[in-house]
Amino acid sequence: MTQAYTTKQVIDHRYNKLLTGLAEAQKVFGVEPDDLVAFKNTEQNNARRQLLRVEKQAIRDKELNQKSEQNYINSIRDLVQDSILEKMQERLDDEDDIFFKVLGFDENLPELLDMLSVKASTISKLEPVAGEVSWLYEDLIKMVNMPKYRRTDAKGKVVAVDSLRVALSFLGIENLKLVVPSLAFRRWIPQITDPYPEIKSRLWETAIGTAMSCKAIASISKVDEGHAFAMGMFHDIGKIIVTRLYFRLFDEQQREALIEAHNERKREEHAALSKITPDSDFLIKLMDRFAAPISAQLIAKMGFKRLFIANAVDEYAREVSVKKMSPMGKVLYQGIAYNRYRMLKGNKLIEMEEAKAYLMQCQLPKGALSLLKTTDIRSLNISVDED
């Protein structure tokens, strides 16, 4: 095992912890939250230390009891997790269920994205296809009427856009190549992920950051930038599936177990079940096991005819060596790695030497790092014609 591969494992695990929350990642990295550090230096904490010395034996007994209780709770949690894993495997075997019901995929989206990938596309050709995507009209209208995109007439009055054709024309083909995949992904992100509310924003940060990184790298690697962007945006839909299913299944399995314990008058078990919550480590294990293969499976199911991204996502899922990847596969691998580095760096979760080793192993093309450093990978950066 090379040092670069070891570094990759460490960094990827730290990134996965960041998905569930900054505090989770800081624990892995060895950083203490500011409020905990502040508490350690207060008179209140000094008094607490004195109290511990006075009541050491009593607290030790209490801790032993708590440890015994926690061990029992953990054993109940493990049983629930085993049940969740079994149910998740069953659900994942039903491709249509996870595609249409869990993800909420619109079957008309691939045709629209294929049309956007063709150089000869026009707004008049796009309009009828775009109109068949159930959510697109509402989302586009909302977007183009946002303050930063609003137009005004000669008298300074805001000109509201209320037709699909005008919205499409306002954005233009090149912008739509970025906007449509982005709007689709936003709709798929799970909205309730308590007790880890950061997952929603981290999934979006990952998608937009990887998409923009892939687009930038594609410009140097001489592959289609629009394809690279969509690939980066969609590459993590497997994580969305796993996340959505995990929280649903946790609620279902906990509720069923509570009812059973109540009916059978198992008070200790009922009390323990009431105390368990979704577990970030278990969610990460599920992601590591299922997410990448599901992404490849579902992107293949989308059946794109002109948006050539399925093979690259499949290569990444199969962990093909970067040296043996196709040009588009390399762009995806590199875009994912660079975005993870930027996310960790932005949260002070990566050392300089780690970063160098991590970026070296992904073999970025010459000039890519310089370009990426000056690229805003956190927004679409679309520009519209003011005329």
Side-chain angles (χ1 to χ4, degrees), residues 4-5 7-8 11-12 15 18 113 116-117 119 174-182 184-185 202-239 291-292 295-296 299 304 306-346 350 352 354-383:
Y5 183 66
T7 301
K8 182 180 185 304
I11 298 304
D12 285 348
Y15 158 78
L18 179 61
L113 291 174
L116 285 168
S117 300
K119 291 183 179 179
E174 291 306 310
N175 285 331
L176 287 168
K177 290 179 182 180
L178 311 184
V179 169
V180 174
S182 303
F185 190 88
R202 297 296 180 190
L203 284 172
W204 170 249
E205 188 179 359
T206 293
I208 187 66
T210 303
M212 292 302 292
S213 296
C214 286
K215 183 175 183 292
I217 296 167
S219 68
I220 292 177
S221 301
K222 294 182 171 56
V223 299
D224 190 284
E225 293 179 38
H227 292 205
F229 178 88
M231 173 180 66
M233 183 62 66
F234 289 168
H235 84 280
D236 245 356
I237 59 174
K239 279 197 175 82
S295 291
I299 287 174
F304 294 117
R306 299 181 181 90
L307 183 62
F308 303 118
I309 64 174
N311 181 64
V313 178
D314 180 64
E315 287 178 341
Y316 186 81
R318 290 188 291 110
E319 298 183 345
V320 173
S321 165
V322 66
K323 291 182 180 180
K324 297 180 180 180
M325 280 182 163
S326 63
M328 189 65 84
K330 287 180 181 178
V331 168
L332 177 60
Y333 185 91
Q334 292 158 351
I336 290 171
Y338 182 77
N339 176 65
R340 290 183 178 185
Y341 150 71
R342 282 281 289 268
M343 285 179 68
L344 292 173
K345 182 184 177 185
I350 191 168
M352 185 178 294
E354 286 180 318
K356 287 180 180 178
Y358 185 62
L359 292 175
M360 187 176 296
Q361 61 83 32
C362 69
Q363 303 175 31
L364 284 163
K366 186 177 180 180
L369 197 54
S370 297
L371 175 61
L372 287 164
K373 285 180 179 178
T374 59
T375 299
D376 177 5
I377 64 171
R378 296 289 166 247
S379 61
L380 293 180
N381 299 319
I382 65 172
S383 57

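Numbers here simply count residues along the sequence, with the first being 1.
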List the atom pairs, with distances to 0.1 Å, where a side-chain N or O of residues 364-373 and a protein N or O form a donor-acceptor pair under 3.5 Å, not counting sequence neighbours.
none

Let me confirm one number: the [atom1]-[atom2] distance from [X] to [Y], rounded to the nearest 0.5 Å.
{"X": "Leu18", "Y": "Arg202", "atom1": "CG", "atom2": "CZ", "value": "4.0 Å"}
{"X": "Leu307", "Y": "Leu113", "atom1": "CG", "atom2": "CG", "value": "6.0 Å"}
{"X": "Cys214", "Y": "Lys330", "atom1": "SG", "atom2": "NZ", "value": "14.5 Å"}
{"X": "Leu344", "Y": "Arg342", "atom1": "CG", "atom2": "CZ", "value": "12.0 Å"}
{"X": "Thr210", "Y": "Glu205", "atom1": "OG1", "atom2": "CD", "value": "9.5 Å"}
{"X": "Ile208", "Y": "Leu203", "atom1": "CD1", "atom2": "CG", "value": "13.5 Å"}

Closest non-hydrogen atom pair, [X] against [Y]:
{"X": "Arg378", "Y": "Gly209", "value": "NH1-CA, 3.1 Å"}
{"X": "Tyr338", "Y": "Ser213", "value": "CD2-OG, 3.5 Å"}
{"X": "Phe234", "Y": "Pro181", "value": "CE2-O, 3.6 Å"}
{"X": "Phe304", "Y": "Ile299", "value": "CD1-O, 4.3 Å"}
{"X": "Ala317", "Y": "Ala292", "value": "CB-O, 3.5 Å"}
{"X": "Met233", "Y": "Ala211", "value": "N-CB, 3.6 Å"}

With a 4.5 Å limit on heavy-atom distance, are the side chains of [X] and [Y] in contact?
{"X": "Tyr15", "Y": "Thr206", "answer": "yes"}
{"X": "Pro327", "Y": "Val331", "answer": "no"}
{"X": "Glu225", "Y": "Lys177", "answer": "no"}
{"X": "Trp204", "Y": "Ser182", "answer": "yes"}
{"X": "Ser326", "Y": "Glu315", "answer": "yes"}

*Any sub-3.5 Å donor-acceptor pair from Gln334's side-chain atoms to Cys362's backbone N or O?*
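Judged by distance alone, yes, a pair lies under 3.5 Å.
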
*asked:* With no hydrogens and no angle check, just 3.5 Å: does a side-chain donor-acceptor pair link Thr7 and Gln361?
replied: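 Result is no, nothing qualifies.
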
*asked:* If you apply the rule side-chain contact (heavy atoms from CB on, under 4.5 Å), what do you find for Ile217 with Tyr333, and how did you get there?
replied: CA-CA 11 Å; Ile217 296 167; Tyr333 185 91; over 6 Å; no

*Can you name the residues that form a side chain to side chain donor-acceptor pair (under 3.5 Å) with Tyr316, not counting sequence neighbours?*
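Result, side chain to side chain donor-acceptor pair (under 3.5 Å) vs Tyr316: none returned.
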
*asked:* Once side chain to side chain donor-acceptor pair (under 3.5 Å) is applied, do any residues pair with Arg318, and if so which ones, sequence neighbours excluded?
replied: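 Testing Arg318 for side chain to side chain donor-acceptor pair (under 3.5 Å), a comparison that skips the adjacent residues, returns Asp314.
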
_Listed partners of Lys239 passing salt bridge (charged side-chain N to carboxylate O under 4.0 Å, His left out), at least two apart_ =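 Salt bridge (charged side-chain N to carboxylate O under 4.0 Å, His left out) check on Lys239 returns Asp236.
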
*May I have all residue pairs that pass salt bridge (Lys or Arg N to Asp or Glu O under 4.0 Å) and include part of residues 354-365, sequence neighbours excluded?*
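Residue pairs with at least one partner in residues 354-365: Arg14-Glu354, Glu353-Lys356.
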
*asked:* Test of understanding: with side-chain contact (heavy atoms from CB on, under 4.5 Å), list the residues that count as partners of Ala312, not counting sequence neighbours.
replied: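 Residues passing side-chain contact (heavy atoms from CB on, under 4.5 Å) with Ala312: Met231, Met328.
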
